[in-house]
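Worksheet: the structure to be examined is printed underneath.
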Amino acid sequence: LEEGGLYAEAITEYRTAEGRGEPDDSIHYHLGLLLERFNQTEPSISEFERFVSSGTCLHVDDRCEDARQRVALAHQ
């Protein structure tokens with residue numbers, strides 16, 4: 001959905017997966033990007049913060065640094 005430009009639908013699917021206990025931490029990164037597209041700054045930053053503090057970011061992952069930079073810019 002996200003790749004096809006169906007962003008609102010992708011958000012819904014990510015939220016559904018999250019609600020069902022999907023263990024993939026990258027959900028928060030993707031939600032952050034999608035929410036950012038809709039100019040939902042606070043919710044997007046919240047998702048990036050969740051991703052940065054996730055188990056995925058305890059390991060090397062380029063998306064983590066990207067998310068950290070987005071959070072830092074939002075707090076300036």
Side-chain angles (χ1 to χ4, degrees):
L1 294 172
E2 185 177 357
E3 290 175 10
L6 301 171
Y7 305 126
E9 293 86 348
I11 289 170
T12 299
E13 288 299 314
Y14 280 126
R15 292 286 188 215
T16 299
E18 179 185 30
R20 292 185 177 157
E22 171 60 48
D24 185 353
D25 296 327
S26 70
I27 283 177
H28 303 294
Y29 180 76
H30 291 286
L31 277 169
L33 292 174
L34 289 166
L35 292 166
E36 199 173 63
R37 285 185 176 271
F38 287 103
N39 294 319
Q40 294 184 20
T41 304
E42 289 184 35
S44 72
I45 296 307
S46 177
E47 293 299 333
F48 288 131
E49 287 173 335
R50 289 180 72 185
F51 180 63
V52 166
S53 65
S54 72
T56 298
C57 287
L58 294 177
H59 308 287
V60 175
D61 189 314
D62 293 339
R63 296 172 300 179
C64 298
E65 185 55 34
D66 178 59
R68 283 186 190 98
Q69 289 175 7
R70 289 169 189 271
V71 169
L73 285 173
H75 290 296
Q76 289 182 349

*Under a 4.0 Å N-O cut-off, is there an ion pair linking Arg20 with Glu13?*
no
*asked:* Working note: Val52 + His28, criterion side chain to side chain contact (heavy atoms under 4.5 Å, CB included); need CA distance, chi angles, decisive distance, verdict.
replied: CA-CA 9 Å; Val52 166; His28 303 294; over 6 Å; no
*asked:* Using 0.5 Å steps for rounding, measure from the CZ atom of Arg63 to the OH atom of Tyr29.
replied: 7.5 Å
*What are the two closest non-hydrogen atoms of Glu2 and Leu34, and how far apart are they?*
CG-CD2, 3.9 Å
*Honestly curious: do Leu6 and Ile27 fall in one hydrophobic cluster under the side-chain, below-4.5 Å linking rule?*
no
*asked:* Tell me the closest heavy-atom pair linking Leu33 and Phe48, and the distance in Å.
replied: N-CZ, 3.6 Å
*Measure the CD-CZ distance between Glu18 and Arg50 for me, rounded to the nearest 0.5 Å.*
4.5 Å
_Ring geometry between Tyr14 and His30 (parallel below 30°, tilted from 30 to 60°, perpendicular above 60°)_ = parallel
_Under a 3.5 Å distance rule, please check whether Ser46 uses its side chain to pair with a backbone N or O of Glu42 as donor and acceptor._
no
_I need the Ile11 CD1 to Gln40 CD distance, nearest 0.5 Å._
6.0 Å
*asked:* Looking at Ser54, is its backbone amide N or carbonyl O close enough to the side chain of Asp25 to form a donor-acceptor pair, meaning the two atoms are under 3.5 Å apart?
replied: no
_Please identify which of these residues, Asn39, Leu35, Val71, meets the side-chain contact (heavy atoms from CB on, under 4.5 Å) condition with Ser44._
Leu35
_Heavy-atom pair of closest approach, residues Phe51 and Ala67_ = CD2-CB, 4.0 Å
